[in-house]
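Just below is one structure, and these are the notes that go with it.
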Amino acid sequence: MYALPLLVPDPFTQQIEFPLWTFRQINKSWKKKNTNNEIISQTQPVYKVETPMVAFFRFGSVSSSKSQLMNSLINEKHHTFFHRNCPGGSRTRLLMDGVVEIAWYCPSGKDTFDDCVAFCNLHGDAGNNEKQYEILTSMASVNVLLLPDFGQKNHYKGLVRSLFKSPQPLICLLTDNDCDKTELGNGKFIVGLLDKNQFELSDQIIQTIRESLTKQKKTFKLADVAKHTGIRVDEDDPEYKRGKQAADQIMGLLRGKDPSTVKETILPRQGKLWHDWCKMNKELHHLQGENIEEDKSTKLKNIREIREKQVSQRLSKFMSKFIDIMKSQRDNEKNYFLRWMMNLLDDFISEQLCKLHKQYDEKYHEVSALKKMSDKLVQLQTEQTNLENISEQINRTSFGLEHILREFGQIYESWSSVKKNKQGLQFDFCSLSSLAAEMMISGFPMELMDGDAAHVPLTWITAVLDELVKKLGDQKVFVLSVLGIQSSGKSTMLNAMFGLQFAVSAARCTRGAFMQLIKVSEEMKTELKFDYILVVDTEGLRAPELTEMSTTRRDNEMATFVVGLGNMTLINIFGENLSEMQDILQIVVQAFMRMKKVRLNPSCMFVHQNVSDITAGEKNKEGRRRLQKKLDEMTKLAAKEEVSDAEVFSGIIRFDVQNDVKYFAQLWEGSPPMAPPNPNYCENILELKQTILTHASKSDGIMLTHLKDRIQDLWEALLNEQFVFSFKNSLEIATYKKLETEYSKWTWSLRSAMMEIENKLHNKIENEAIHDIEETDLQEQLNAKSEEVKKTMSDLFEKDRDANILNQWKASFQIKIEVIQENIVRETKRKLSGVLQQRHIKKRMDAERTHHENTLFEKSKELALKSKGQANDQNVMKTQFDSFWKEQTAAIIRDTPLVKDIDIIKDVKKLLSETHASLPDHIKESSQYKDMFCLPSYSKYVQLKKSSGFMATIKNVCKVAQKKAGFALSKKDESQIRVLITDIADQTDKMIHKFNMAKLGYNISCIQQLVDYIKTTITQHGEGPEVNYVFKSEFFVDLVLCICHKSSKTFTDQYKMFREANDPVFYFERKSEEYYRIFQKYCEGASSAVIFGEFVCNKLKEPIQQNVYKKTARDLANEMRTNCESLNGNRSKLEKHILKTLAEKQDFKAYMTYINNPKEHFKNFIRDEVSQYITERFEDSVRPKMENSIKQLEKKITDASQESSRQNNANSWLHHFTQQLSDVLIFSVNDLTGVNHDDVDVSFLDEVIKKELPSIISDIISKFSTETFPEKLEHKDRPDEILIDHFCQCCWVQCPFCAAICTNTIENHDGDHSVPFHRNTGLNGWSHRGTTNLSISICTSAVASDRSFYPNSSDDTVPWKEYRKGGPKYASWSITPDLSELPYWKWFVCRFQKDLEKHYKKTYNGRGKIPDEWRKYSKQDATESMDK
């Protein structure tokens, strides 16, 4: 309760200003006695209150503070008027001179004054502020003058004399006189202030004022101040005037009308029609009766009829004028107009509402008394009905700006629902949402949930939010929901904290949920991650006057709605009495429990208002303990309602009872209305605000567009009553994608670890260190990584910010990981078993090569011993060695079959010629082949099977006719053949890898095996019961050539590695230089240890090189999984990059490969990405990895050498040395069989190896390049193949309609196939029956339609909505209705229309005509849609 400025002189111009507009926003409440001596309540706007006014002023300089004296009269404990002795006060009054302040004394029933009294205080010398003095004295009921004394000689005597002659009572206070109170007659008093007891003095002055007021009946009305000339009234500004004039025009339309009936006539759409629509809409979500569809149709018809009735309602003059004014005014004018409307509407209804509230109170007390009388049941029922009728009258009479906005919403919803054009209305109804959005931006609250109808007008709210996005951009908002029962101090708290004014006017209770935007300042944006705070407030929760109407279910709906909407919910509780908390706590706990079940995770805070003695720490602790106990009790009760096993509140929501509970001091220090505000309350507000902002700073908020979706999700779920089961969280899609990305990382982690294990075991098998592999051993070695992955999974599901959403998939993904782990172990076992099986074949070849090497070593050693005397003559030595080397290697080459070049295609044609004598010449001679994967049709490769019997004859005739027309194969047949080709390609690819040509070499039998497999598979396929055709021989030939052409590079690359390792010409040519160095050292007399050590180092060169390349390939694959944008996520992300790349290249053939053979396209894309990465990043990434690997290996070899030097002889040294390296290098004792090392001194070997090894390492490093990198790796060890293995071991089943690929990451997975986005079926060749018109239908739209399709080209149709009945391949897919835009595939069809028509020999005409709307999409739109 502070004084407010009434008249303010401009410090520069001295123009006096009267802020009347500000006073129009203030209401005052007080109690007084009526004529029956009953205490009644009064609430009025201060600008229109007629009260006595006591004016205080002084002449000259006085020793006492006038303002301080006034404070002692109004409230001695509070500085109502600021004065010189206040903290920070001074005598100079730089800005206060001439200012008139006003304060109201508002009695509470038994007070100093019996009625409301205004007190005005003119600061400074009244003689120097004549205008203010004139206004006050002319309007005052009582004048109070302060003078030093009458004896003072000054020019104020004339003014004082005029006051004594005035008819108004005058109290003259003499500050330098100690005279007693003296009545001079005619209501004039003199009181001396000098040396008086302040308490007694105050009491004396109060009594004098009371006595004067009883005699003087003159009243003061604040609005009348504006009638005085010579002052500037703020409302005289043109914007104020235009706003008021506009409001007066509209309110003139209501003049003389009954407030209780006016809403029905001027706002007809929100009354019974709207309530009936809401009731019917809710029933529509709970269909009943034997014929559900009939029930649904009836209700939809009724809903449409209600909307038609709403549209048919004429727009009232009131609404028409209101809309015109809103559209024509500028922002400031509009704001003033709306404020005027709020004030004038309050004036319009206040009198009648006061009467109704009084009637309600009286009736309520009667009903309460009757409830205690068991013999008055009939009378009780009658009075309860009367009470409800009064409550309904209160509701009908309530009329504010929010009701006008509600009518806006119903105009918009009804007209948009029936799709009428705007010509039927006097304005464009779409502009209403824009006007509402502007009001929200200006700070006006917006009704989110109509509490009267208990409904959310979704269409209207969506339109307003869309307009907000248009005007502000898609801003991030932090949604703060506020819950609290009526009269709990919630509105005061929000107003103090954020300066809000929700749509609740004097004497009016508005139910529902309202939202209001608060812009975040630029300074705060640095701390917060959003642009606005959206406060969602609830009104009318547990409202006493609405008790009979407001059910628990309705309040629960509202609470659930706002809790689900908020990023944080503020729960406001009045007092510490737990029984007062019961209602709100039960609602809140149940709402939070529902949120947990649907995986929304808001935070919450509790605010206890009006708590006394809040400084007592122990009391706070006890209060928190009681709150925790009560919350847990409410949780158990709510758990029964929601069928949950929750027992404690913290099990529902993360809640810290120490930090998330705030205790507020009482707002007033004493009893209102004259009690001063409590400073502690303000401190509590600031602390709460800071805590909210701290919580908010950790939140990402929600985009306005996402908020729109969340509102719809929540409301649709509430309409279905079974909230938990019907809630659809549109944000779950993004969370699931995140989980899939993490799953990809987990599976990669397991694969990567198993590759390391496989490499070590592979080396040990080659070194004959192990002879058997068991799955249990592999699993044991993988356990460490497996536990690490499980820990990471656990952390994600438990600690991630979206943990509540993620937990629904926890069990299924744990099973997925277990399955993938089993598959990895099983596949590794298969590979290593293959290595064991092939070891004996490879062992023979390796033994033969080793025998030749060691024989050459011994013979060159013998030659060197003979040539010791010629060691100084390099030319002689070189000549002798070259002659020797040529002679020895010639003998070896003569006895060893040469490794010849291979020509895969030549071998294929040779085999085909042997089996197909009539092979066409163009096939024999040409290097071209047909890409069997991308053919639009396989009709020319088949002959339809003939049926037998009479009906079969007719069918055969039809088949002939079909073939002539180009329709030999059905869609089902085409699909069967395409799947057959894909399966054959996958299997032959696996067979080629199993041939292990890099180690075992090539034989034409490899081609024979492939050809035989293809032949057998085609034959078996043709014998199937569902196959209606026979393949021609051309199909087999073209398929063999196609597969072998595609695999020829793999054959060639792998065979090249084999040849380099096993062709004696190549091999011994490389070894010549190494052996010459050994020969040279023997000639120079080097010790056996030096020679043997260098020989060992030379032997290590190939294994080192092999290890480095393989490890680098694994490391590179790992790096690309992190750094390469297209490969660092899951398969879905990879597919998006593929689609973007396809759009950029605009290569139709590549598109058809992607559509018809997606797995092959994925593989090729990955190979291209890896090749490009290696080329671009070789120097800064690949080479450093290789160098790092080789350095680590060098250290391991020298460590092994040092460790082995403790052995007694060379044989023991060799065994120990090779054993130390057996898990990293393919190097065993067998590699040195036949080499004599009996005379080797092992004590020198360590030193020799340390000296010789660096030169070997340098030689290997010098050959690192982008060309050698892929050539030195076996096919399975290449980084692209490692990544292909990771990405492509998943489900590749394609949608039977549009050929979209199932996104499940497990092959042969349980459950349905699914894909986030389908495409138009024409891309898969679908066309309309009996035409050549390609289909443009999109699966997800079709399944929501009433149309049908012909499954498997049968003559029987199946409704799209029941597509699963089409057969097994349809039944295995989950296709849900979705009307997403899908710009990518719409752009593709338009861009490649001619190519598609040529490919399928069909057209996009007739029923397949492409909509013009599709053609608006650009390539940029298409690629950008991939990121949505």
Side-chain angles (χ1 to χ4, degrees), residues 247-279 306-307 309-323 325-326 337-338 340-357 359-360 388-415 429 432 435-436 439 444-455 457 460 502-512 514 539-540 543 545-546 549-550:
D248 284 339
Q249 282 180 32
I250 293 178
M251 292 305 296
L253 300 171
L254 303 184
R255 197 169 291 121
K257 294 187 177 180
D258 183 357
S260 65
T261 60
V262 75
K263 273 200 307 186
E264 294 177 12
T265 56
I266 67 173
L267 308 176
R269 292 167 186 82
Q270 64 183 271
K272 186 175 185 301
L273 288 174
W274 166 232
H275 287 218
D276 288 346
W277 188 95
C278 294
K279 181 173 179 289
I306 293 171
R307 285 302 192 198
K309 287 178 182 177
Q310 283 185 309
V311 168
S312 67
Q313 295 287 329
R314 239 187 110 70
L315 193 67
S316 67
K317 251 184 169 179
F318 180 95
M319 284 301 295
S320 179
K321 191 71 177 172
F322 186 92
I323 293 167
I325 290 171
M326 285 287 289
F337 163 69
L338 291 171
W340 274 114
M341 284 299 300
M342 291 169 69
N343 292 338
L344 294 176
L345 284 171
D346 279 347
D347 292 347
F348 179 68
I349 63 171
S350 58
E351 185 178 346
Q352 188 155 339
L353 266 184
C354 284
K355 292 178 183 177
L356 288 171
H357 277 291
Q359 291 175 24
Y360 185 91
E388 289 176 17
N389 290 336
I390 297 171
S391 179
E392 180 57 36
Q393 280 185 296
I394 290 173
N395 193 42
R396 284 201 308 268
T397 305
S398 296
F399 186 15
L401 198 58
E402 66 274 17
H403 295 99
I404 297 174
L405 277 173
R406 191 183 288 176
E407 190 73 4
F408 270 24
Q410 286 314 299
I411 293 171
Y412 185 93
E413 288 213 330
S414 57
W415 280 77
F429 74 90
L432 296 179
L435 293 175
M439 288 177 66
F444 288 90
M446 173 80 185
E447 186 175 62
L448 182 59
M449 175 188 257
D450 181 343
D452 293 325
H455 214 85
W460 168 243
F502 280 99
V504 180
S505 299
R508 188 173 79 246
C509 175
T510 305
R511 291 182 298 168
F514 295 81
E539 298 293 345
E545 65 268 39
L546 303 172
M549 294 173 59
S550 180

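One-based numbering along the sequence shown.
- For an aromatic pair to be called close, the ring centres must be under 6.0 Å apart, and Phe514 with Phe444 fails this.
- In this structure, the salt bridge (Lys or Arg N to Asp or Glu O under 4.0 Å) partners of Lys355, at least two apart in sequence or on a different chain, are Glu351.
- In this structure Asp258 satisfies the side-chain contact (heavy atoms from CB on, under 4.5 Å) test together with Ser260, Thr261, Gln352, sequence neighbours excluded.
- One finds the CG atom of Leu254 at 5.0 Å from the CD1 atom of Ile266 (value rounded to the nearest 0.5 Å).
- At a threshold of 4.5 Å between non-hydrogen side-chain atoms, the residues Ile404 and Phe399 count as touching.
- Here Arg307 pairs with Glu413 under the salt bridge (Lys or Arg N to Asp or Glu O under 4.0 Å) rule; sequence neighbours left out.
- In terms of heavy-atom proximity, Thr265 sits nearest to Ser316 at O-CB, 4.3 Å.
- When all heavy atoms are compared, the tightest approach of Ser414 to Ile411 is OG-O, 3.1 Å.
- A donor-acceptor pair under 3.5 Å links the side-chain atoms of Ser312 to the main chain of Lys309, judged by distance alone.
- Using a 4.5 Å heavy-atom threshold, the side chains of Phe408 and Met319 count as touching.
- The structure places CG of Asp347 at 9.5 Å from CH2 of Trp340, a figure rounded to the nearest 0.5 Å.
- Put simply, the side chain of Phe348 does not reach to within 4.5 Å of the side chain of Thr397, judged on heavy atoms.
- With values rounded to the nearest 0.5 angstrom, Leu356 atom CG is found 11.5 Å from Glu392 atom CD.
- The heavy-atom pair separating Arg255 from Asp248 by the smallest distance is NH2-O, 4.5 Å.
- By the 4.5 Å heavy-atom criterion applied to side chains, Trp277 and Gln410 are not counted as neighbours.
- Using a 4.5 Å heavy-atom cutoff, the side chains of Leu432 and Met326 are not in contact.
- Here the side chains of Ser398 and His403 are in contact, with some heavy-atom distance below 4.5 Å.
- Between Met446 and Trp460 the shortest side-chain heavy-atom distance falls below 4.5 Å.
- You'll find the side chain of Gln270 stays beyond 4.5 Å of the side chain of Asp452, heavy atoms only.
- Going from atom CG of Leu338 over to atom CD1 of Ile325 covers 10.0 Å, rounded to the nearest 0.5 Å.
- A distance of 8.5 Å separates CG of Leu253 from NZ of Lys321, quoted to the nearest 0.5 Å.
- Below 30°, between 30° and 60°, or above 60°: for Phe429 and Tyr412 the angle between ring planes is above 60°, a perpendicular geometry.
- Interatomic distance, CE of Met342 versus CD of Glu402, reported as 8.0 Å (0.5 Å rounding).
- Contact record, Leu345 with Leu401: CD1-N, 4.0 Å, taken as the closest heavy-atom pair.
- For the pair Ala247 and Leu344, the tightest heavy-atom approach, listed with the atom from each and the gap, is CB-CD1, 3.7 Å.
- Arg269 and Leu315 get closest at one heavy-atom pair: NH2-N, 4.0 Å.
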